[in-house]
Amino acid sequence: MSVDGNLPLEMELPGGPLSARPLDFIFLLDASSSMDGAKIQSLNQAVEAALPAMRDVARDNPNAAVRVRAIQFNSGAYWHIPTPTPVEQVAWTPLSASGSTAMGRALSMCAAQLRTPPMPDRALPPVLVLISDGAPTDDFRAGLNALMAEPWGKKAVRIAIAIGEGADLAVLRAFMGHPELEPLRANNAETLVQCVRWASTAVLQAASAPPSRALGAPAPSGNVALPAPPPPASAADVW
Amino acid sequence: MKAPRLRVAAIAHSVAGAAHIRQMRPCQDAFRVESTGEGVAVAVAVADGHGSSRHAAEGATFAVQTATRTLADLHAALGADAGTGAYRAQLEDAVGRRLVLAWQDVVQRHGSIDGIKRRPGEPDLEVTHRYGTTLSAALATPDVVACLALGDGATLWVSPEDEVLRPLGDDAHAFADQTSSLCTAGAWRALRATAWTPPAEGGLLLMMSDGYVNSYPDDAALDAVARDYARLVRARGLDAVGAALRGFLRQVSIRGCGDDVSLALIHFAPLEDAR
């Protein structure tokens, strides 16, 4: 008998390769002109700073295969990380800011990737993190409808982070669709780091092993039971 | 009474999931194998308690006990010579409803004895929801395979020609972390059931919890698992596979989805080949 798993040496495990369940984590990032300067710089730093902690969460949950993608939106929407990339292999290329805020287009692009296929049936609920400092300049409602028309879009854990005072909170609330949780508020670089870190670690952890439940049974708010978010922005607001 | 042409034997096991062990949560799957009909038949069940249900482990245990008892009673009531049509009619109607109501009655009584109270912040649930579980079960005789399922487990049949069939299809309502369950009102309406005559050359029936299913990328990969088990049973015998089963399931959970994993195998062997 072998030590690991007590398999008899002469009997191989039936079947082909096993696989952890894919967990897609998608950043939707505002790179419009209002983000230019300190905000986009802080956003780049916050995402980059969150990656090592995301890798730690992934390492502690080997049965979830965390795959990262990112969409940036300004006058259009573009895949910044187009292919689902194992979190261990993600290297962040900084965004720059210009143009308007095609948030609706970004949601539509995301929706197309949450269709099955390409999404596998046996995935874990995806995590979508929308970060914006303004209001959409395109048809946000059409994008949200496209997202919610996909079963994985509806099932996704959707978190929104508002940067500064100019963010459209009503839009971010509609994206989250969460009865209790409000969009996180980041009014300076420090709180933005905290918010992105929470979304990319605590939320990722919660989504990596959601307990099964009966159809029709009361669901946790927001698809997956989430830990408490970081405290509201400090008084030291700079944006 | 007809002379049996096949010998029927079964093995089953459940293991705690790798993720459950990391989080210090108990195994919430259960299994049961019960000989019936003076040893010529077996009733087998596996169940997967919902992680969101506080008494899921008990719910799964009650489910496999209730299912094997109900199927053994069905065998006794119909007699050894009943055809598949009689089994199918019973499964699709009275038996499914009886099974669900019997399980709900058991958990209601357990809940009242246990004095279940709401914890702070816990939603106000029906008692049955605290015991929620899926179920796959089968009665196997030399002449009949009668199986039923409720929820997102998988039931696979491997023919003597290594063709893999899904006699019960999939739970049409299951998606992501949601599944049909014994705990919902009118649960028997979501129950899938069928019966057929096993071929003279035998075959293998597999019933697995979703922890096994979710450890493979797609149905084709799961079919390969089923075929390999059939080959292994033919080559080494059911007892040898039974001795290795716990190790197999642990490997599946460690290297797969991390959930609790259960598997039951029912082997139909031509009498001259039976080991």
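In this text, all values refer to a predicted model and were calculated from it rather than measured experimentally. Naming: A, B, ... by sequence-line order, numbering from 1 per chain.
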Contact list (residues 46-64 of chain A to chain B, heavy-atom gap under 4.5 Å, by number) returns A:Asp60, A:Asn61, A:Pro62, A:Asn63

Cut-off 4.5 Å, heavy atoms of chain A, and the answer for B:Cys183 is side chain

Cut-off 4.5 Å, heavy atoms of chain A, and the answer for B:Val252 is both

(request) Quick one: sort the A:Phe27 and A:Phe25 rings into parallel, tilted or perpendicular, breaks at 30° and 60°. (result) perpendicular

Flag the pair B:Asp152 and A:Arg122 as a salt bridge only when some basic side-chain nitrogen lies within less than 4.0 angstrom of an acidic carboxylate oxygen. no

Check your understanding: Could you go step by step and tell me if A:Ile71 and A:Tyr78 meet the side-chain contact (heavy atoms from CB on, under 4.5 Å) rule?
Key -> CA-CA 6 Å; A:Ile71 295 174; A:Tyr78 314 93; over 6 Å; no

Under 3.5 Å side-chain donor-acceptor pair for B:Asp48 and B:Ser209: no

Given A:Pro210, A:Ala209, A:Pro120, A:Pro151, the one with more heavy-atom pairs under 4.5 angstrom with chain B than any other is A:Pro151

Review point. Would you say the side chain of A:Leu107 lies within less than 4.5 Å of the side chain of A:Phe73, judging by non-hydrogen atoms?
Key: no

With chain A, the option among B:Ala224, B:Ser180, B:Gly256 that has the most non-hydrogen atom pairs under 4.5 Å is B:Gly256

Tell me, with the steps shown, if A:Val87 and A:Arg67 meet side-chain contact (heavy atoms from CB on, under 4.5 Å).
CA-CA 6 Å; A:Val87 64; A:Arg67 317 184 304 183; over 6 Å; no

Any side-chain heavy-atom pair from B:Leu204 and B:Arg234 closer than 4.5 angstrom?
no

* To do: Step by step, work out the side-chain contact (heavy atoms from CB on, under 4.5 Å) result for A:Met109 and A:Leu28.
  => CA-CA 10 Å; A:Met109 279 177 63; A:Leu28 299 119; over 6 Å; no

| task | Mind running side-chain contact (heavy atoms from CB on, under 4.5 Å) on A:Ile159 and A:Leu181 for me, showing each step along the way? | result | CA-CA 9 Å; A:Ile159 302 294; A:Leu181 196 64; 4.1 Å; yes

Exactly one candidate in A:Met176, A:Arg158, A:Arg69 meets side-chain contact (heavy atoms from CB on, under 4.5 Å) with A:Leu128; the answer is A:Arg158

Bottom line for B:Ser253: the part with an atom under 4.5 Å from chain A's heavy atoms is backbone

Checking heavy-atom separations under 4.5 Å from chain B, one finds in residues 14-24 of chain A A:Pro14, A:Gly15, A:Gly16, A:Pro17, A:Leu18, A:Ser19, A:Ala20, A:Arg21

Cut-off 4.5 Å, heavy atoms of chain A, and the answer for B:Asp171 is neither

Looking only at B:Thr179, B:Val225, B:Asp259, B:Leu245, the option with the highest number of non-hydrogen pairs under 4.5 Å against chain A is B:Thr179

Are the charged groups of B:Arg25 and B:Asp260 less than 4.0 angstrom apart, N to O?
no

If you define the side chain from C-beta out and look only at heavy atoms, does anything of A:Leu184 sit under 4.5 Å from A:Gln194? no

- Got a donor-acceptor contact below 3.5 angstrom from the B:Ser53 side chain to the B:His129 backbone? yes

Whatever's closer than 4.5 Å to a heavy atom in chain A on B:Gln28 counts as neither

Cut-off 4.5 Å, heavy atoms of chain A, and the answer for B:Thr184 is side chain

One option among B:Gly132, B:Ser181, B:Ser215 has the most heavy-atom pairs under 4.5 Å with chain A, and it is B:Ser215

Per-residue tally against chain A (heavy atom, under 4.5 Å) across B:Asp210, B:Asp218, B:Leu249, B:Leu222 peaks at B:Asp218

Original post:
Would you call the rings of A:Trp152 and B:Phe175 parallel, tilted or perpendicular if under 30° counts as parallel and over 60° as perpendicular?
Top reply: tilted

| query | So with a 6.0 Å cut-off around CZ of A:Arg197, is the heavy-atom count from everything else above 12? | reply | no

